[in-house]
Every structure is written in structure tokens, then in C-alpha cells.
Number of protein chains: 2
Amino acid sequence: MSNRSNVTKQKLLDAATDIIMNHGVHQLTLDEVAKTAGVSKGGLLYHYPSKEALMTAMVERLQQEQNELYASLQQEGYGPVEAFVRLFDETKLHPERAAIQIDVEKMIAFLTLFEVDQEYANRWKHDLDTFFAQFQQTADPVETMIIRYALEGMMMSEHFGVGVPPTELKQAIIARLIERAHDIDCES
Amino acid sequence: MSNRSNVTKQKLLDAATDIIMNHGVHQLTLDEVAKTAGVSKGGLLYHYPSKEALMTAMVERLQQEQNELYASLQQEGYGPVEAFVRLFDETKLHPERAAIQIDVEKMIAFLTLFEVDQEYANRWKHDLDTFFAQFQQTADPVETMIIRYALEGMMMSEHFGVGVPPTELKQAIIARLIERAHDIDCES
DNA sequence: TCAAACAAACCGTCTGGTCGGTACAGAAAG
DNA sequence: CTTTCTGTACCGACCAGACGGTTTGTTTGA
């Protein structure tokens with residue numbers, strides 16, 4: 001794959017991600033993606049022969065980004081649970097790492113993709129299932145799951161814009177979750 | 001409005017709710033709703049002149065059901081936070097009340113409707129915003145919000161079917177959330 | 001008998017996908 | 001060096017089906 005081709009592909013994935021985050025799945029049409037990326041629909045379908053191929057590529061890129069960040073957080077000494085919490089707020093806690101440019105809100109937005117296609121959704125589901133399985137092996141599985149659910153619920157409410165609390169409260173919530181995650185990791 | 005008309009309307013709302021919960025928003029088409037309800041599309045559009053009208057009616061019915069259940073729970077002596085938690089599990093905690101037939105998983109499924117239409121979504125959002133505003137006035141707003149987010153995240157993961165834990169763990173999670181909600185209500 | 005409650009064919013738009021063609025960079029041939 | 005050829009990247013008109021909604025006609029119950 002040439003460099004030029006790869007650049008265009010990334011542009012298309014960026015455009016699709018942008019649309020799904022800011023305008024929702026229902027706006028994720030091939031025409032819209034092509035237009036946003038500054039490419040013709042023909043050009044889009046040259047690189048991704050179907051809408052599903054485009055969505056699959058989107059999910060795979062996100063997965064890869066997340067796995068890399070999660071691994072790097074664990075290498076910094078954070079336990080599995082705390083690393084997971086920090087995964088959700090990394091770009092806000094460490095703005096200097098904005099280069100990594102991962103926002104887990106993407107994941108929530110991407111979850112809505114599950115509504116559209118079942119085929120590839122199952123693959124992602126399987127990965128998430130195995131990932132969350134380890135959360136049931138910690139010192140306090142109940143608390144661990146509460147932390148996980150709280151983060152997901154928070155991101156969801158953020159994505160849909162319902163009942164969003166002021167920033168200070170959000171930061172306090174994250175802080176407390178990190179605290180508890182740290183305790184759980186220590187006990188485990 | 002005659003009785004016959006109302007029966008059909010409820011059948012249509014039931015069908016739409018069923019589809020959105022079991023097959024997702026993208027399958028919520030007028031043809032599908034009509035077919036599921038055993039009515040022709042013409043019949044559907046006789047009662048609900050547009051898809052948005054149908055969705056609005058769906059949301060309004062759900063809101064009403066929830067408000068009634070929430071009020072009844074508070075009348076039984078539960079504080080606002082604990083009542084909210086029990087709202088999420090009422091049908092499972094009290095199967096004998098299955099007549100009420102409210103499952104808050106519906107709400108999560110309905111959230112995906114936000115992706116489709118912004119118009120009526122805002123109305124619902126406003127109601128949710130004012131509802132959740134009181135959660136920031138409790139003795140421990142941080143913990144209260146964690147409880148709320150955890151419940152929403154749990155229902156969401158249930159709806160999308162990602163990383164769903166075994167039943168016992170789920171019950172333990174709910175139990176602990178009820179415990180904490182109770183404490184918060186007592187302190188408030 | 002009359003209006004409410006449907007049924008069914010039909011229409012316009014949107015959308016995923018196809019297809020023939022173009023621009024261009026480099027290799028091969030002369 | 002010029003010409004020809006080839007494959008990659010891309011464009012844009014077009015198509016078929018799906019979907020929301022309209023219209024017209026039919027049944028049903030008071």
C-alpha cells in the first residue's frame with residue numbers, strides 16, 4: 001500500500017469518526033463521509049469497497065489505539081483497573097499527550113454502530129468480553145464492575161448530552177473512581 | 001378517542017418498543033412496526049401521522065410509566081436516590097408487579113432514538129436534566145452520580161450485549177448500589 | 001347511513017453500491 | 001528523449017432497493 005493511499009484511507013476514517021461523534025450514526029452515509037474527507041464517493045469505495053468495510057476499519061483502528069494506550073498505562077505502573085479508569089480520561093489528565101489523540105468517548109459513539117450491523121459487531125463484542133472478563137477476577141469484582149459501568153454511563157450521558165453535570169463534579173467523580181480503582185489494584 | 005382506536009395505538013407502541021429493544025433503531029421502520037403490530041402501514045399512519053409522532057408517543061408513554069413507578073416507590077418510603085436505583089430493577093426485585101411492566105432497559109434503548117431525531121429529543125433531555133439536577137443536591141453528589149452512571153452503564157452494556165457479567169454478580173452490584181443509595185438518602 | 005378505522009397501491013427521496021471513464025506516475029520500448 | 005503502456009488513485013453519473021409519506025378505496029361498527 002502506497003503512502004498516498006494510506007493518507008486517503010486515514011482521512012476517510014477521520015471523517016467517518018468525526019461524523020459519528022458529532023452528528024450520530026444516522027448521518028454516517030457514504031456521501032457524507034466522502035464529502036467530509038474531501039473525496040468523491042467513487043474514491044471512498046475504491047479504498048473501502050463497502051460501508052461495512054469502512055466501519056470495520058474504523059472499529060479496528062479504534063481498538064488498536066485503545067490497546068496501545070492501555071498497555072502504555074500499565075507499563076507506567078498502573079494496575080489493570082486504574083489503567084482502565086485513566087484510559088477514559090487520559091487526554092484530559094495529560095493534555096501534553098494530545099498527540100496520542102485518543103478519546104474514549106469515541107468508543108461510546110462507536111457502540112451505536114452495533115445498531116447498524118451485527119456481523120462485525122460480534123467481533124468487537126468478543127474482544128470486549130474477554131477484556132472485561134479479567135475485571136471479574138479482581139479483589140472486589142462488584143466494585144470493579146461498578147467503576148466500569150460508571151465510566152461507561154458517564155461517557156454515554158456525555159455522548160447523548162443528557163443530565164451532564166458541571167466540570168468540577170465530573171472531575172471529582174473521576175478522582176474518586178481512580179482512588180477506588182487504585183485500592184482494588186493494590187488488594188489484588 | 002374510542003376504545004378500539006386506543007387499543008390499536010397501544011399495539012403500535014408495543015410493536016415499536018419491541019422492535020427498538022430487540023432489533024435496534026435501524027430496524028424501526030414504519031413497515032416493520034405495522035407488520036409487527038398486525039396493522040397495515042396506512043392504519044399506522046392513520047393513528048400516528050408521521051414517524052416522529054410515533055416516536056414521540058413512545059417516549060411520552062415511557063416517561064409517564066417511569067414517573068408513576070418512581071412516585072410509587074417514593075410513597076413506599078424510599079428516598080429519591082434509592083428509589084432511582086430500584087426503578088432500574090423493580091421488575092426483577094418484585095416479579096409480582098410484572099403488571100406494571102416497566103423495564104428501564106427500555107430507556108437505554110430509547111436513548112438511541114436521540115440519534116435519529118433532534119427535535120423531540122430535546123424535550124426529553126430537558127426532563128432528564130431537571131430530574132438529574134436534584135441528584136447534585138444530595139449529601140454526596142459524587143457518589144450519587146456514580147450510582148446513576150453505574151446503573152446507566154449497566155443497562156447500556158446489557159442493551160448492546162457487551163461484557164455482560166453473570167446474574168449473581170449483577171444482583172450483587174445492584175444490592176451494593178441500593179445499600180449506598182440508602183446511606184445517601186439517610187444523610188440528606 | 002355515516003364516520004371512524006383500516007387496507008393497499010403508489011410516489012419521491014435518500015442511500016448503498018456499480019460502472020465507465022480520467023489523471024498521472026513510472027516502466028518499457030523505440 | 002520521446003512514445004507507449006500499465007496500474008494505481010480517483011471522479012461522477014447512474015441504478016435498484018428501501019423508506020417515509022400520500023392517496024384512494026374498502027370495511028366496520030354505532
Side-chain angles (χ1 to χ4, degrees), chain A residues 1-20 22-59 61 110 112-121, chain B residues 1-20 22-59 109-110 112-121:
Chain A
M1 179 157 53
S2 77
N3 187 34
R4 183 180 167 203
S5 171
N6 198 41
V7 167
T8 306
K9 279 186 164 184
Q10 297 303 317
K11 265 201 304 182
L12 288 167
L13 294 184
D14 290 343
T17 303
D18 178 72
I19 290 171
I20 214 176
N22 300 324
H23 305 284
V25 248
H26 71 297
Q27 290 285 12
L28 188 74
T29 66
L30 295 183
D31 289 275
E32 204 60 32
V33 172
K35 186 180 154 197
T36 305
V39 175
S40 73
K41 193 156 82 168
L44 196 172
L45 286 157
Y46 171 77
H47 292 287
Y48 298 107
S50 70
K51 187 179 183 182
E52 190 183 329
L54 175 72
M55 295 193 292
T56 303
M58 257 199 295
V59 171
R61 191 176 73 164
F110 276 41
T112 60
L113 278 174
F114 283 4
E115 301 276 345
V116 180
D117 199 299
Q118 208 63 16
E119 184 95 16
Y120 82 101
Chain B
M1 178 158 53
S2 78
N3 188 34
R4 182 182 168 204
S5 171
N6 197 39
V7 166
T8 306
K9 279 186 165 185
Q10 296 303 318
K11 265 200 304 180
L12 288 167
L13 294 184
D14 290 342
T17 303
D18 177 72
I19 289 170
I20 214 176
N22 299 325
H23 305 284
V25 250
H26 71 299
Q27 289 286 11
L28 188 75
T29 66
L30 295 183
D31 291 273
E32 204 62 32
V33 172
K35 187 180 153 195
T36 304
V39 176
S40 72
K41 194 157 80 167
L44 196 172
L45 286 157
Y46 170 77
H47 293 286
Y48 299 106
S50 71
K51 188 179 183 180
E52 190 182 329
L54 174 72
M55 293 192 293
T56 304
M58 257 199 294
V59 172
F110 276 41
T112 61
L113 278 174
F114 282 5
E115 300 276 345
V116 180
D117 200 300
Q118 209 62 17
E119 183 95 16
Y120 81 101

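Every chain is numbered from 1 and lettered A, B, ... according to where its sequence line falls, protein lines coming before strand lines.
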Examine C:dC6: is either OP1 or OP2 under 4.0 Å from a nitrogen or oxygen in the side chain of B:H47? Give yes or no. yes
Stepwise salt bridge (charged side-chain N to carboxylate O under 4.0 Å, His left out) check, A:R61 with A:D14: CA-CA 10 Å; A:R61 191 176 73 164; A:D14 290 343; 2.8 Å; yes
Got A:M55 and A:Y48 here, is their nearest side-chain heavy-atom distance under 4.5 Å? no
Check each of A:V39, A:L28, A:D18 against A:V33 using the side-chain contact (heavy atoms from CB on, under 4.5 Å) test, and report the only one that passes. A:L28
Once you round it to whole Å, what is the distance between P of C:dA4 and OH of B:Y48? 18 Å
Grab the CD-C1' distance between A:E32 and C:dC14 for me, whole Å please. 12 Å
Out of D:dC11, D:dT8, C:dA7, which nucleotide sits closest to the side chain of A:S40? D:dC11
Considering only nitrogen or oxygen atoms on both sides, find all protein atoms under 3.5 Å from nucleotides 15-25 of chain D and state each distance.
unit_1: D:dG20; atom_1: OP1; unit_2: B:K51; atom_2: NZ; d: 2.7
unit_1: D:dG20; atom_1: OP2; unit_2: B:L30; atom_2: N; d: 2.9
unit_1: D:dG20; atom_1: N7; unit_2: B:K41; atom_2: NZ; d: 3.0
unit_1: D:dG21; atom_1: OP2; unit_2: B:K51; atom_2: N; d: 2.7
unit_1: D:dG21; atom_1: N7; unit_2: B:K41; atom_2: NZ; d: 3.4
unit_1: D:dG21; atom_1: O6; unit_2: B:K41; atom_2: NZ; d: 2.8

Pairs where residues 22-50 of chain B contributes a residue and the test salt bridge (charged side-chain N to carboxylate O under 4.0 Å, His left out) is met, not counting sequence neighbours: B:D31-B:K41
dist B:K11:NZ -> B:H47:NE2 (nearest 0.5 Å) comes out at 9.0 Å
A:L44 and A:K51, any side-chain heavy atoms less than 4.5 Å apart: no
So for the helix from C:dT1-D:dA30 to C:dG30-D:dC1, with five pairs setting each end axis, what is the inter-axis angle to 10°? 10°
Roughly how far, to the nearest 0.5 Å, is the CD1 atom of B:I19 from the OG1 atom of B:T36? 3.5 Å
Nearest whole Å is fine: how far is C:dT18 P from A:L44 CG? 13 Å
To the nearest angstrom, how far is A:L54 atom CG from C:dT15 atom C1'? 14 Å
Quick one: is B:Y46 getting a side-chain N or O under 4.0 Å of the C:dA5 phosphate, OP1 or OP2? yes
Taking CG from A:N6 and P from D:dT8, how many angstroms apart are they, rounded to a whole number? 16 Å
Side chains of A:L13 and A:L54: does their closest heavy-atom pair fall under 4.5 Å? yes
Value for CE (A:M58) from CG (A:L12), rounded to nearest 0.5 Å, stands at 10.5 Å
